[in-house]
Amino acid sequence: MKIKNALISCVLVTAFIAIEGSFSYSIEENNTRETEEFDFANGLFSRGMYDMAIGAYEDFAKKYPESSFSELANYQRAECYFLSADYIKARESFAAFSSKYPASKYLVRTRLREGQIYYLKGEYAPAQKILADVVQGDNGEDKESPWIAKYYLANIRFSQGDYDAAKNMLEGLLSEDAGGEHKPFAYMNLGDIYTKLEKYTEAAGAYEKAASLSKNKKTSLQGTFSAGGAYYLAGDHLKAQEFYRKVIVASEDPKMLDNSIIGLLSALRESGKNKQIIEESKKLLTLVDSNEARSQVLFMMASGYFNENQFREAAKAYAETAKMYPKTKFGLKSKLNECWALYRSGQIEKCLSNIDVYVSRAIELLDEALYIRAKAFVAAGKVANATQAYKDLINNFKRSDFHREALYEIGWLYSQEGDPVSAISYFEMFAKKYPEDERSPEVLLKAAQENVKRGSLEGAEDNFNSFLIKHGSDPLAENVLYQLGGVYLERGSFGKAVETYEKFLKKFPTSKAVDSAVFNMGQAYQKQEKWSRAVEVYSALTQASESAFYGTAMEASAYCKFQQEDYDAASNMYFDLVIKKTGFTLPEGVYKWTAAYYIEKGENNRSLKMLEILSVKYPENSLAGEVSFMFAENYAAIDNESKAI
């Protein structure tokens with residue numbers, strides 16, 4: 001699109017100046033020979049033969065100095081210099097004309113030309129002053145020159161990057177009745193301004209208006225072509241196709257035709273119409289003029305096959321394009337894309353062979369070639385070769401987009417191969433260099449997990465904290481905050497563990513890991529021997545027997561009560577737990593302690609219940625001396641002498 005806009009600007013300036021040359025005049029009755037010679041000079045002028053017209057006007061002015069056409073002949077001679085872009089002589093000629101004819105009706109236009117010359121040479125300050133004088137001065141019957149001066153003033157604002165001011169000036173200008181045949185160019189420029197402002201739909205409307213108003217076929221087609229480009233940028237690819245097709249049918253300009261065909265195929269690509277791209281490419285190829293454009297059309301056809309997953313057909317088409325146009329941009333890219341197609345079609349060895357040839361000959365796109373080579377080696381199971389290819393790319397093409405991909409993929413490759421140290425190194429490198437990449441949070445999390453895997457809890461802690469600082473609002477933050485709490489707990493940083501879990505519970509109250517976080521927070525308090533605080537935290541889990549953490553939380557709460565020497569509460573908690581959760585198993589010693597404690601309190605039925613459960617859970621110990629003795633004590637206490645014996 002940048003190339004397209006540059007082409008538009010070039011066409012605009014040339015076309016506008018050329019049309020302006022058609023300055024009207026009337027031929028009065030005069031000597032027939034004189035009239036014929038003047039008409040001859042005008043004929044040369046109208047056909048754009050300015051060098052010859054200059055000589056003809058000079059001869060006429062010398063031969064007929066008193067002619068009624070003499071003034072116009074001198075003016076037209078200056079116009080010839082202007083229209084042939086000889087601005088030094090044009091300025092001299094217009095100055096000489098103004099001096100010779102101080103009362104001429106062409107003086108306003110002469111002044112306009114002076115301002116235009118400054119504009120075309122990029123000298124905007126004097127251009128603005130002169131053009132403003134033309135707008136504000138006494139212009140007599142010349143309504144056209146002030147309008148054109150305003151047009152160029154708007155162009156100056158546009159050239160200076162003041163797009164809003166330029167837009168407002170052109171919109172005001174186009175609301176005036178004046179302008180006539182010059183209005184299409186103002187609409188074209190307005191379209192360019194809208195494009196700069198990224199108002200692509202408005203730009204398309206302005207270009208369409210230019211196309212409809214212009215009586216000049218070339219200018220009209222230029223407007224149609226530009227409208228197609230604007231619709232493309234606006235995302236209306238169906239409209240873009242419609243306008244490009246209009247140009248393809250009517251244009252005789254090879255360059256515009258080439259660009260329209262490429263524009264059409266691009267719009268079809270954006271619409272996902274890959275099959276139509278293949279068909280249209282074959283049909284339109286005969287109309288394409290330049291080798292560069294032909295190679296691009298063939299490239300897009302091959303890409304159509306590729307995007308339709310017809311990788312073998314794509315490989316053939318890319319190979320043919322590269323063979324036919326080896327020196328064009330798309331011919332070179334086709335050779336590389338052939339390797340992609342071979343890779344995707346499973347022809348890995350052929351892909352690697354072609355890459356070797358490409359790397360040995362090419363000087364461009366070597367980064368992409370190394371990337372394909374690495375992926376092909378991975379597909380071939382040649383991990384060592386793949387890692388070396390990735391490293392070559394990483395070390396030699398630090399600004400390449402494929403540098404980013406290589407960093408990302410080599411990290412995962414090392415992770416899969418069980419080399420956490422190398423994986424961490426590349427994950428951290430990726431996250432540091434590309435913090436805005438959407439995968440950066442993922443690789444920081446993965447680096448932390450790799451550190452946990454290798455036992456480097458300090459490294460994991462650094463990765464998790466780096467994640468939270470840089471990507472605290474990322475969806476993965478829930479997982480990171482939870483895992484960071486676990487790292488603190490395992491490292492013995494119990495205060496930080498509690499703080500982290502509290503943040504987690506506040507930020508993610510509906511997380512599936514809430515119960516786990518609550519239990520771990522209780523564990524952190526328990527490790528600090530803050531028994532009451534631990535029990536308080538566990539209570540959120542022990543109040544709901546259906547909770548997955550009910551059993552472990554109840555057991556932990558009972559242990560805390562035991563440590564506080566609140567044996568009644570501890571024993572009751574253990575008892576309630578085994579009654580409510582029959583599938584839950586306590587350590588053998590807990591059953592024994594609880595049973596013994598109930599014997600001491602005289603709660604023999606409870607003691608017997610604990611011993612019965614112990615016998616089921618640990619049947620090999622059910623007849624052991626200690627357990628049998630406690631059974632006997634309980635039976636004796638409740639006067640069941642036979643069972644006691």
Side-chain angles (χ1 to χ4, degrees), residues 424 427-428 431 435 440-566 569-570 573-574 576-577 581 584:
I424 291 164
F427 284 142
E428 290 180 344
S440 186
E442 172 194 1
V443 298
L444 269 178
L445 172 57
K446 187 61 180 174
Q449 292 171 337
E450 291 290 326
N451 268 315
V452 171
K453 188 189 298 183
R454 64 187 282 254
S456 177
L457 297 179
E458 184 178 356
E461 179 184 334
D462 289 342
N463 294 143
F464 283 137
N465 280 317
S466 179
F467 179 106
L468 294 170
I469 291 169
K470 297 174 182 177
H471 312 289
S473 59
D474 189 271
L476 288 173
E478 176 183 343
N479 195 352
V480 167
L481 202 56
Y482 174 79
Q483 291 189 48
L484 177 60
V487 168
Y488 282 136
L489 190 60
E490 193 169 345
R491 289 194 69 194
S493 300
F494 303 124
K496 286 186 176 181
V498 168
E499 181 183 339
T500 302
Y501 284 126
E502 284 177 342
K503 286 181 182 178
F504 174 84
L505 294 169
K506 183 177 181 180
K507 193 169 183 179
F508 305 105
T510 60
S511 172
K512 293 180 179 179
V514 162
D515 285 357
S516 179
V518 169
F519 179 78
N520 287 350
M521 187 163 62
Q523 290 281 289
Y525 279 121
Q526 188 173 318
K527 293 288 185 180
Q528 297 176 85
E529 299 186 359
K530 295 181 178 180
W531 312 115
S532 297
R533 189 74 183 93
V535 171
E536 183 183 341
V537 171
Y538 289 138
S539 66
L541 304 172
T542 57
Q543 291 174 4
S545 60
E546 69 278 4
S547 168
F549 283 85
Y550 173 82
T552 52
M554 184 68 84
E555 180 185 3
S557 295
Y559 176 80
C560 291
K561 289 294 184 181
F562 178 86
Q563 292 297 330
Q564 291 177 297
E565 300 183 1
D566 187 351
M573 283 181 174
Y574 284 134
D576 288 345
L577 174 58
K581 291 288 184 181
F584 191 85

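The chain is numbered in sequence order, starting from 1.
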Worksheet item: So does K503 have more than 12 non-hydrogen atoms from other groups sitting under 6.0 Å from NZ?
Response: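 Counting other residues, nucleotides and ligands, NZ of K503 stays at 12 neighbours or fewer.
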Practice prompt. Answer whether the closest heavy-atom distance between the side chains of F584 and L577 falls below 4.5 Å.
Written response: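 When only atoms from C-beta onward are counted, L577 and F584 do touch, with a gap below 4.5 Å.
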Worksheet item: How many angstroms lie between CG in N465 and CG in L481, if you round to the nearest 0.5 Å?
Response: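 Those atoms lie 9.5 Å apart.
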Practice prompt. Hey, could you give me the OG1/OH distance between T500 and Y482, rounded to the nearest 0.5 Å?
Written response: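 Here the rounded value is 12.5 Å.
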Worksheet item: For the atom pair CZ (R491) and CG (L489), what is the distance rounded to the nearest 0.5 Å?
Response: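 The distance works out to 12.5 Å.
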Worksheet item: Looking only at heavy atoms, which two atoms of K446 and F427 are closest? And how far apart?
Response: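 Distance-wise, the nearest heavy atoms are CG-CE1, 3.3 Å.
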Discussion item. Measuring from atom OG of S466 to atom CD of E461, what distance do you get when rounded to the nearest 0.5 angstrom?
Written reply: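 Between atom OG of S466 and atom CD of E461 there are 12.0 Å.
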Worksheet entry | Polar side-chain atom of S516 near backbone of A513 as donor-acceptor pair, under 3.5 Å |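 Checked: no pair found.
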Worksheet item: Rounded to the nearest 0.5 Å, how far does CZ of F504 lie from CG of N479?
Response: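 One finds 8.5 Å between CG of N479 and CZ of F504.
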Practice prompt. Might you point out which heavy atoms bring F467 and L445 nearest each other, and give the distance in Å?
Written response: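 Closest approach of F467 to L445, heavy atoms only: CD1-N, 4.4 Å.
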Practice prompt. Evaluate the side-chain proximity of L468 to V480: yes if any heavy-atom separation is below 4.5 Å, no if none is.
Written response: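 SC-SC contact between V480 and L468 confirmed.
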Discussion item. With a 4.0 Å cut-off on N to O distance, would you call K496 and E499 a salt bridge?
Written reply: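 So K496 does not pair with E499 through a salt bridge.
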Item to complete: Report yes if some heavy atom in the side chain of F464 is under 4.5 Å from a heavy atom in the side chain of V487; otherwise report no.
Response: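 The answer is yes, as the side chains (C-beta and beyond) meet within the 4.5 Å cut-off.
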Discussion item. For the CD atom of E529 and the CZ atom of F494, what is their distance to the nearest 0.5 Å?
Written reply: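 The CZ atom of F494 is 10.0 Å from CD of E529, to the nearest 0.5 Å.
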Item to complete: Indicate the atoms forming the closest heavy-atom contact of A447 with I424, along with that distance.
Response: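 A447 and I424 have their closest heavy atoms at O-CG1, 3.7 Å.
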Discussion item. Is it the case that atom CD in Q563 sees more than 12 heavy atoms from other parts of the structure closer than 6.0 Å?
Written reply: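 Yes - once you tally the heavy atoms of other residues, nucleotides and ligands closer than 6.0 Å, there are more than 12.
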Discussion item. I need the minimum non-hydrogen distance between H471 and A477, along with the two atoms involved.
Written reply: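 Heavy-atom minimum between the residues: O-CB, 4.2 Å.
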Fill in: For the student: nearest non-hydrogen atoms of E546 and K581, plus distance
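The pair with the smallest heavy-atom distance is CA-NZ, 4.4 Å.
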Worksheet item: When you look at CD of E490, are more than 12 heavy atoms from neighbouring residues, nucleotides or ligands closer to it than 6.0 Å?
Response: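 Open.
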Discussion item. I'd like to check Y525 versus E536 (side-chain heavy atoms, cut-off strictly below 4.5 Å). Are they in contact?
Written reply: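 Y525 does not reach E536 side chain to side chain.
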Discussion item. Taking the side chain as everything from C-beta on, heavy atoms only, tell me whether L484 gets closer than 4.5 Å to Y488.
Written reply: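 A side-chain contact under 4.5 Å exists here.
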Practice prompt. Please report the closest heavy-atom contact between P441 and L476, naming both atoms and the distance.
Written response: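 For P441 and L476, the tightest heavy-atom pair comes out as C-CD1, 4.1 Å.
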Discussion item. Parallel, tilted or perpendicular, judged at 30° and 60°: which one describes the rings of Y559 and F562?
Written reply: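 Parallel, since the angle between the ring planes stays under 30°.
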Worksheet item: If you measure only the distance, is there a donor-acceptor pair under 3.5 Å linking the side chains of Q526 and Y538?
Response: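 Their side chains do contain a donor-acceptor pair, which is all the 3.5 Å distance test asks for.
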